[in-house]
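One structure below.
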Amino acid sequence: MKSRGIVNATRRLIGARKLGSVTLLGKAEEEARHALTQARAWIGRANPIDEEAQQNFQTIVAATEDLERVLLEGAAPA
């Protein structure tokens, strides 16, 4: 897995919020939730054994945390 898809989903979500389009926001949130689910599953299965794999793993974890934070920022207060 690469972090690019996670980062792009995060950027699209931020952009959709800035534009204020309900349609775009709905699609961006759906894509972001899907990317977050996929990333979490990958993180759970990953077993980085060398330095390059460990760096990739850390990059994906950081991108996943950013995406989760952005999703939570837009959540309606309880």
Side-chain angles (χ1 to χ4, degrees):
M1 174 172 236
K2 296 188 180 198
S3 62
R4 181 177 33 211
I6 303 165
V7 171
N8 286 342
T10 304
R11 288 179 180 159
R12 277 191 284 281
L13 181 56
I14 292 168
R17 286 184 180 154
K18 287 180 181 177
L19 288 173
S21 167
V22 174
T23 303
L24 285 177
L25 183 56
K27 289 180 181 182
E29 285 180 346
E30 182 180 337
E31 177 188 4
R33 283 189 208 97
H34 177 72
L36 184 60
T37 299
Q38 295 297 315
R40 286 178 176 163
W42 184 87
I43 290 168
R45 293 188 311 265
N47 185 19
I49 55 174
D50 60 19
E51 187 175 334
E52 184 177 345
Q54 183 64 36
Q55 289 174 343
N56 183 55
F57 180 82
Q58 291 301 325
T59 300
I60 291 170
V61 168
T64 301
E65 289 170 351
D66 286 344
L67 177 56
E68 187 170 27
R69 178 187 48 77
V70 170
L71 270 169
L72 289 174
E73 285 173 355

Problem set entry | Trace of the side-chain contact (heavy atoms from CB on, under 4.5 Å) decision for Phe57 with Ile43 | CA-CA 7 Å; Phe57 180 82; Ile43 290 168; 3.9 Å; yes
Would [X] end up clustered with [Y] when hydrophobic side chains under 4.5 Å apart are linked, directly or stepwise?
X	Y	value
Leu24	Leu71	no
Ile60	Leu36	yes
Ile14	Leu19	no

Problem set entry | Option among Glu29, Glu73, Lys27 that satisfies the side-chain contact (heavy atoms from CB on, under 4.5 Å) test with Leu13 | Glu29
Exercise. Would you find more than 12 non-hydrogen atoms of other residues, nucleotides or ligands less than 6.0 Å from Arg4 atom CZ?
Worked result: no
Exercise. Got more than 12 heavy atoms from elsewhere within 6.0 Å of CD, Gln58?
Worked result: yes
Exercise. How far does NE2 of His34 sit from CD of Gln38, to the nearest 0.5 angstrom?
Worked result: 4.0 Å
For this session: Would you give the length of the straight line joining atom CG of Asp50 to atom CG of Asn56, rounded to the nearest 0.5 angstrom?
Result: 10.0 Å
Looking only at non-hydrogen atoms, find the nearest pair between [X] and [Y] and report the distance.
X	Y	value
Ala63	Ile6	O-CG2, 3.4 Å
Leu67	Ala9	CD1-C, 4.4 Å
Ala28	Ala16	CB-CB, 3.9 Å
Leu25	Arg17	CD1-CG, 3.5 Å

Problem set entry | Check: Glu31 main-chain N/O paired with Arg12 side-chain donor or acceptor under 3.5 Å | no
